Amino acid sequence: MSFKFEDLPYSYDALEPYIDARTMEIHYSKHHRAYYDKFMAAIEGTELADMAIEDIFKNISGYSAAVRNNGGGYYNHTLFWNIMGPNGGGAPIGDLGEAINKSFGSFDALKTEFNNAAATRFGSGWAWLCVHDDKSLKVCSTANQDNPMMDTGCGGTPIMAIDVWEHAYYLKYQNRRPDYIDAFWNVINWDAVAKNYSKGIQG
Ligand code: MN3
């Protein structure tokens with residue numbers, strides 16, 4: 001079995017005050033853990049147990065709802081934890097910064113489009129920044145625990161994401177999803193996003 005439940009790369013309180021410790025603890029140790037455990041149960045003893053998760057997503061329509069929802073939940077949260085960190089925020093530089101300017105016009109234009117995608121996702125889901133085959137960057141959003149790599153998804157390889165399920169923000173922000181989205185920009189680890197971008201443009 002190649003799927004691991006990775007350690008959170010920082011302490012539960014590391015993203016305070018933007019994301020509170022109680023939310024992080026429940027989100028990681030209960031929600032993410034449950035997706036992982038249920039994903040493992042769904043693929044145990046099947047051919048999926050030895051596949052790359054990208055290959056599972058490519059054909060997700062052919063698999064059960066348990067594989068889709070829990071495989072997505074497992075993968076999406078792992079990406080989410082890794083693109084955040086203490087001392088985050090600021091603006092992306094280097095190749096990623098240039099790619100953002102080229103695709104969106106400016107960093108502020110990316111923020112506007114990303115915030116809009118996250119705020120207008122009805123119900124539960126995610127907003128994404130993805131790199132596509134032509135190396136351009138695009139923003140999209142998906143419902144539930146879907147992601148862009150699924151055969152029904154919005155395409156591209158995700159390099160950054162925000163979880164807009166209520167469990168990601170309700171304890172601190174209640175119904176104020178836009179305030180949580182604004183706060184998210186203060187905890188983005190741009191070095192991690194840049195690494196995802198470098199990998200993504202290699203296909
Ligand atoms: Mn979540």
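Atoms within each ligand, like the ligands themselves, are counted from 1 in listed order. Being a predicted model, the structure only gives us computed values, none of them experimental.
Between the side chain of Asp146 and the backbone N or O of Thr142, no donor-acceptor pair lies under 3.5 Å. Looking only at distances, a side-chain donor or acceptor of Asn147 sits under 3.5 Å from a matching main-chain atom of Met149. Panel note: side chain Asn76, backbone Gln145; a donor-acceptor pair is recorded below 3.5 Å.
The Mn ion (ligand 1) has His27 NE2, His77 NE2, Asp163 OD2, His167 NE2 as protein N, O or S atoms under 2.8 Å away.
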Using distance only, find each side-chain donor-acceptor pair of residues 103-112 under 3.5 Å and give its atom names and separation, not counting sequence neighbours.
unit_1	atom_1	unit_2	atom_2	d
Ser103	OG	Ala99	O	3.3
Ser103	OG	Leu137	N	3.0
Ser106	OG	Ala109	N	3.0
Thr112	OG1	Asp108	O	3.0

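In this view, Asp7 satisfies the salt bridge (charged side-chain N to carboxylate O under 4.0 Å, His left out) rule with no residue, not counting sequence neighbours.
Residue pairs meeting the disulfide (SG to SG under 2.5 Å) criterion with at least one partner in residues 64-144, sequence neighbours excluded, are Cys140-Cys154.
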